Amino acid sequence: MPHQSINAERLLARIRELGAIGRDGRGQLTRLAASDTEKLGRDALVGWLEAAGLDIAIDRIGNIFGVWQSHDNAGQLPLMLGSHIDTVINAGIYDGCYGVLAALEVIETLKEQGFTPARPIAVTAFTNEEGVRYAPDMLGSLVHVGGLAVEAALATVATDGTVLGSELARIGYAGSVEPGSLKPHAYVELHIEQGPVLDREAITIGAVENLQGISWQRVTIDGVANHAGTTPMAMRCDAGLAAARIGLFLRDHITRSNAPSVATIGTMRFEPDAINVIPSRATFTVDLRDPDEDRLQGLEAALADFLLRVAAEEGVEISVERLARFQPVAFDLGIVATIEASAKARGLKSRRMTSGAGHDAQMIARIAPTAMIFVPSRDGISHNPREHTEADDLVAGANVLLDVVERIACSGWKGS
Ligand code: GLV
Ligand code: MN
Ligand code: MN
């Protein structure tokens with residue numbers, strides 16, 4: 001039987017259109033959560049959801065839902081699809097947006113085909129998935145599953161000093177729906193891989209069976225400011241040097257342990273931040289990840305031990321604040337198998353894989369059967385304007401999502 005397919009041009013045009021929203025004077029794309037530029041992206045998305053005839057709901061944490069439901073299926077829990085449309089700084093156009101727009105495309109295609117789903121189907125764009133402006137990441141989906149109280153989430157202070165609740169109100173996306181009211185029957189998130197595996201192996205579809213644990217910490221080192229020219233090396237309490245030692249330690253420790261763990265120091269600030277003054281303070285973030293919880297705990301413990309050692313050896317004080325901690329997640333094997341079967345039926349190569357990136361799916365997996373579909377990222381590049389996925393792969397991924405949705409939204413699907 002020939003497969004129905006999504007409208008490739010409509011999907012690709014919307015990805016380009018959303019990708020043009022939020023560019024600065026230098027052409028860089030930055031749509032941080034609840035910012036003015038993200039408001040423009042949200043407005044475009046809501047316009048498309050409305051034009052598709054979906055019922056729009058915005059919850060108190062700003063999560064956007066577009067729901068396709070009928071009289072016949074209104075009492076059923078919805079099949080939820082989606083991702084996020086906030087971005088990192090100087091981002092690519094696919095991360096998150098692809099999953100949201102492909103979900104909308106799938107619903108429009110099913111409507112046009114006259115498909116009668118046994119349950120509602122919802123497109124979701126979760127607030128602050130990236131966590132660049134507000135920690136933790138995946139904040140909107142975390143609130144949706146009850147992992148963080150909405151009041152606490154709304155009170156989150158940003159890296160720029162703003163408060164999330166005020167910013168959502170200011171941009172018009174502090175909704176009235178109580179978070180978590182829309183309980184999913186199942187959740188499927190389509191996303192670019194953001195890593196090198198599918199591209200290297202020339203495989204179109206990743207059936208994502210698990211997602212690694214994430215640990216975010218902010219480290220503050222207090223030393224003593226002093227003259228860069230007159231202070232002998234042995235007499236320094238140099239917060240900057242101590243910070244540099246920690247970065248090197250993490251790389252060497254992971255290399256020596258031969259584990260798949262990864263560690264990143266993505267932000268760093270010195271005070272007083274002057275060329276001829278020894279830094280009195282270094283503040284930086286540490287992002288640790290590993291698919292195995294015990295190994296991730298081991299890495300956290302090794303870092304904690306090393307901080308004590310550096311504090312003693314460099315004559316500095318070190319304090320640590322936890323910003324996010326999520327355990328590794330195993331996805332629903334029934335949905336993973338449905339993804340594999342759908343890829344096979346379309347003649348697409350697939351493989352099971354682990355997600356290296358964090359996703360809203362890891363939160364929703366706490367309350368409903370969940371899995372993810374990946375498509376290749378050229379050269380494994382993401383969180384970078386060079387992020388790219390071939391149009392054929394974007395369309396193939398959306399068609400697999402279409403088939404998975406048809407199977408799950410039929411009356412017979414019970415989950416695994
Ligand atoms: C989200 O993009 C993350 O994995 O940090
Ligand atoms: Mn993403
Ligand atoms: Mn991202």
Side-chain angles (χ1 to χ4, degrees), residues 15 18-19 22 28-33 35 38 41 45 63-64 81-103 123-142 159 187-198 206 208 210-218 260-267 285-291 296 323-329 353-365 370-377 380-389 394 397 401:
I15 292 173
L18 188 52
Q28 297 187 347
L29 171 63
T30 303
R31 275 199 318 264
L32 298 185
S35 64
E38 204 223 10
L45 174 64
N63 294 324
I64 298 172
L81 315 171
S83 195
H84 61 98
I85 65 161
D86 65 315
T87 74
V88 295
I89 297 163
N90 196 13
I93 67 171
Y94 303 103
D95 179 358
C97 302
Y98 169 51
V100 174
L101 296 176
V123 186
T124 309
F126 289 107
T127 295
N128 190 56
E129 190 273 350
E130 294 291 5
V132 169
R133 195 174 184 209
Y134 301 94
D137 49 350
M138 283 81 70
L139 183 143
S141 46
L142 181 63
T159 46
Y187 177 75
V188 185
E189 182 166 348
L190 172 63
H191 207 285
I192 56 166
E193 182 201 330
Q194 308 182 272
V197 176
L198 295 174
V208 185
N210 63 336
L211 192 151
Q212 64 182 347
I214 302 177
S215 163
W216 281 5
Q217 300 174 64
R218 182 184 293 121
S261 319
V262 285
T264 305
I265 294 181
T267 73
T285 51
V286 178
D287 174 321
L288 306 177
R289 306 195 192 198
D290 195 294
L296 185 56
L323 299 176
R325 182 61 162 87
F326 300 119
Q327 292 196 353
V329 170
M353 60 191 301
T354 299
S355 172
H359 296 289
D360 295 304
Q362 81 196 83
M363 299 302 146
I364 306 302
T370 294
M372 296 188 70
I373 305 167
F374 277 177
V375 293
S377 292
I381 290 179
S382 185
H383 285 184
N384 181 316
R386 282 167 55 215
E387 179 180 279
H388 179 77
T389 297
L394 294 169
L401 180 66

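Only a predicted model underlies this, so the values are computations on that prediction, with no experimental measurement involved. Counting starts at 1 for both ligands and their atoms, in listed order.
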Novice: Please check if any side-chain donor atom of His84 sits under 3.5 Å from a side-chain acceptor atom of Asp360, or the reverse.
Specialist: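 Per modelled atom types, His84 and Asp360 side chains form no pair under 3.5 Å.
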Novice: Can you find a pair of side-chain heavy atoms, one from Arg133 and one from Asp86, that are under 4.5 Å apart?
Specialist: no
Novice: Which N, O or S atoms belonging to the protein are less than 2.8 Å from the Mn ion (ligand 2)?
Specialist: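 Per the 2.8 Å query on the Mn ion (ligand 2), atoms found are His84 NE2, Asp95 OD1, His191 NE2.
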Novice: Heavy atom under 4.0 Å from ligand 1: found in Glu130's side chain, backbone, both, or neither?
Specialist: side chain
Novice: Any side-chain heavy-atom pair from His191 and Tyr94 closer than 4.5 angstrom?
Specialist: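 When only atoms from C-beta onward are counted, Tyr94 and His191 do not touch, as no gap falls below 4.5 Å.
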Novice: Would Ile214 count as a polar contact of ligand 1, with the cut-off being nitrogen or oxygen pairs under 3.5 Å?
Specialist: no
Novice: Output the list of atoms in ligand 1 that are nearer than 4.0 Å to some heavy atom of Gly358, sorted by atom number.
Specialist: 1 (C), 3 (C), 4 (O)
Novice: Output the list of atoms in ligand 1 that are nearer than 4.0 Å to some heavy atom of Ala357, sorted by atom number.
Specialist: 4 (O)
Novice: Checking contacts here: is it the side chain or the backbone of His383 that comes within 4.0 Å of ligand 1, counting heavy atoms only? Could be both or neither.
Specialist: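 Side chain only; the backbone of His383 stays clear of ligand 1.
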Novice: State, without any angle test, whether Gln194 and Ser377 hold a side-chain donor-acceptor pair at a distance under 3.5 Å.
Specialist: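 On atom types as modelled, these side chains do not qualify, holding no pair under 3.5 Å.
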Novice: So which bit of Arg289 gets within less than 4.0 Å of ligand 1, heavy atoms only: side chain, backbone, both or neither?
Specialist: side chain
Novice: About how many Å separate CD1 of Ile93 and OG1 of Thr389, when rounded to the nearest 0.5 Å?
Specialist: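 The OG1 atom of Thr389 sits 9.0 Å away from the CD1 atom of Ile93.
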Novice: Taking only residues two or more places apart in sequence, or in another chain, which ones meet Thr124 in a side chain to side chain donor-acceptor pair (under 3.5 Å)?
Specialist: none
Novice: Are any non-hydrogen side-chain atoms of Glu130 and Asp95 less than 4.5 angstrom apart?
Specialist: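 Touching, per the 4.5 Å side-chain cut-off.
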Novice: Run the numbers on Phe326 and Gln212 for side chain to side chain contact (heavy atoms under 4.5 Å, CB included), then give the verdict.
Specialist: CA-CA 9 Å; Phe326 300 119; Gln212 64 182 347; over 6 Å; no
Novice: Is the shortest heavy-atom distance from the side chain of Met138 to the side chain of Ile214 under 4.5 Å?
Specialist: yes
